[in-house]
Amino acid sequence: MSTFRLYNALTRQVELLEPSEQTDDGAPLLRFYCCGPTVYSYAHIGNFRTFLTADLIVRTAAALGWEVNYVSNVTDVGHLTEDDTADASGEDRMAKALKSKEGEQFANVWDLARHYTDALMADWQALNLREPTIRPRATEHVREQIRAVEALLENGHAYETEDGVYFHVPSFPDYGKLSGNTDIEELAVGAAAESRDVVVDVEKRDPRDFALWKKDDAHLMQWHSPFGWGFPGWHLECSVMAQKYLGETIDLHGGGEDLRFPHHECEIAQAEAITGKPFARHWSHTRFLQVEGKKMSKRDGNFLTLHDLTASVDNGGRSDWGAPVDPLALRLALISGHYGKPFNFTQAALKAAAKNIQRYRDADKAVQEALASNREGENNLEAPLADVYADALAAMCDDLNTPEALAAAYRGVNVILSQHRQEPLSGMAAQTAADFLNRINNLLGIVRHESPEGPSSNEDDEFAEYVESLLEQRTEARKAKDWPRADEIRAEIDALGVEVMDNPSGSTWRKKL
RNA sequence: GGCGCCGUGGCCGAGUGGCUAGGCAAGGGUCUGCAAAACCCUCUACAGCGGUUCGAUUCCGCUCGGCGCCUCCA
């Protein structure tokens, strides 16, 4: 039953994802590497769509009883902003960020990288993303990268020039097997470089050759190497770190669709030229998302970081996007489309997600209460919830069909709530429902936060206290049938962004969506 | 130009050779001091044109339209 099918970019078809090893306990062990971001700024929701895809792979594997060695890096070395990336010249992104307005607060590039790395981890947790087994940093693996360059020089796949060390693409006949960019492309590449008026290292032997090491003793981040002071090429860090932590051949390698070429193609070339073994057996890419029908861009005002959406307006959150948005709603919105298809992120979709999350919370709350009261009675949830969970897992195993998995999960929530409405859940039924919600949360991460400290704070507690006190006053007024006074207080509460709901059993409140 | 993806009801988005995905929005209703929430009901679509077929939204071809990558980008 434990078959997990996933699109493989290498073969261009949906294939069985097969761990090549087992743990000592006999569980399949998946070795998975997903390319992380360069920490020169806050990560945006597009970055997170990719990390979310990785997260869902990890969760689905875990649901099947697999162990996952999940490695996701942080690129804290500045690479390049200019078109001549292959030559690794030009200004790097970190240096550029340091000079920007936001960059003024940082003492240096190291400081800047640390700040944005911390921000990444906080956002990561807010979105309920599972922490990678290992999160290596490029700057902490420069030794290994230098050794890889040496190995490639020794076995003839690389050569040194005045400016750096390059990988010689023609020495690796498989180059292009992932992207389909083969020899025809070669001409286009040369042409492209010329038309862009880029200064190409004249010593490069082939236009496709890419930098393994860039000699530059003026660079803000530089290391000493046998080839002089400088810094490693961008593609090197991932293949080196993946192999260090996961072995020479890994089961699955993922990232954003833009990474397919040249980044992943170059990783393959470097890694396989050294080991002579396949680097990764399965490749997965997440498609870019669009925002309100357009590619995200700062100019169009639709460039969204997690911070833009989840921070309070006072704290820089974007009111035009309804900030602060519940991070779980954002998570749900971002996984409501298939990872391999273009996805249009819209305000309407975000609102719909928020509403659904509310419902998951309602169910969770009802179940917790029922669990506490432990009523006598039948358990008629077992069979329906088992079916629904099986549907959800099967959908995820079918190339991560999140829309279908979510539909199934929601069906389960509705079963629980409608059952509970007819007659409060028995202790046994509540236990079944709680197990279901836990499993759904493990699989999809949309029921509640998993991190020990949820995003709650003293501020929230104080706010809640204040609302409760107002609500008490209103209840008094209602008892006295002083309707104008009651409505007045409700208006006050309403102004705080809170809605009041009067039920037969009393009044409750919650933050408006 | 090269490679690839997609066009589903007001919106977002699965899926299938014949049997209502789902969500959100909207309209009507129940409930309610008024609201809100909740619940019930309604809304049957697959870009266009051909072809294959007993039958196509689903397969094939063409047309139109949108989008992505092709050394900045997840």
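Note: hydrogens, waters and symmetry copies are ignored here, and every other heavy atom, side chains too, is used. Only a predicted model underlies this, so the values are computations on that prediction, with no experimental measurement involved. Here is the naming used below: chain letters follow the sequence lines, and residue numbers restart at 1 for every chain.
Figure legend. B/rG1 is base-paired to B/rC70; pairs are counted as Watson-Crick or G-U wobble with both atom distances under 3.5 Å.
When the nucleotides B/rC11, B/rA36, B/rG33 are ranked by their closest atom to the side chain of A/A348, B/rC11 comes out on top. Considering only side-chain atoms of A/R12, the nucleotide from B/rC5, B/rG23, B/rC3 that sits closest is B/rC3. Considering only the side chain of A/K295, B/rG68 comes nearest among B/rG23, B/rG68, B/rA21.
As judged by a 4.0 angstrom heavy-atom cut-off over every strand, A/G255 is placed among residues touching the sugar-phosphate backbone only. Among the atoms of the strands shown, none is found under 4.0 Å from any heavy atom of A/R260. No engagement by A/K351 is indicated, since no non-hydrogen atom pair under 4.0 Å with the nucleic acid exists. Within 4.0 Å of A/L289, counting heavy atoms only, lies at least one base atom of the nucleic acid. Heavy atoms of A/F51 sit nowhere under 4.0 angstrom from any nucleic acid atom. Within the 4.0 angstrom heavy-atom criterion, only backbone atoms of the sugar-phosphate kind lie near A/Y410; the bases stay farther away. Using a 4.0 Å heavy-atom cutoff across all strands shown, A/H263 reaches no nucleic acid atom at all. At the heavy-atom level, A/D502 lies under 4.0 Å from base atoms of the strands shown. Residue-level contact check: A/N356 touches the backbone only, with heavy atoms under 4.0 Å from sugar-phosphate atoms and none from bases. Residue A/A352 is in sugar-phosphate contact alone, with no base atom involved, counting any heavy-atom pair closer than 4.0 Å across all strands shown.
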- Task: Please lay out, stage by stage, how A/I446 and A/L406 fare under the test side-chain contact (heavy atoms from CB on, under 4.5 Å).
- Result: CA-CA 9 Å; A/I446 51 174; A/L406 290 168; 3.5 Å; yes
- Decide ring-ring contact (aromatic ring centres under 6.0 Å, His included) for A/H264 and A/H285; before the verdict, give the C-alpha distance in whole Å, the side-chain angles of both, and the deciding distance to 0.1 Å. CA-CA 10 Å; A/H264 287 164; A/H285 298 104; 5.0 Å; yes
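Counting only N and O atoms by type, the side chains of A/N47 and A/H44 include a donor and acceptor under 3.5 Å apart.
Nucleotides B/rC49 and B/rU44 place their C1' atoms 24 Å apart, quoted to the nearest Å. Rounded to a whole angstrom, the distance from the C1' atom of B/rG17 to that of B/rC46 is 14 Å.
Between A/H168 and A/H157, a ring centre-to-centre spacing not shorter than 6.0 Å is recorded.
Without hydrogens or angle criteria, A/T402 side chain to A/I335 main chain gives a donor-acceptor distance under 3.5 Å.
Between A/K341 atom NZ and B/rC5 atom C1' the separation is 10 Å, expressed in whole Å.
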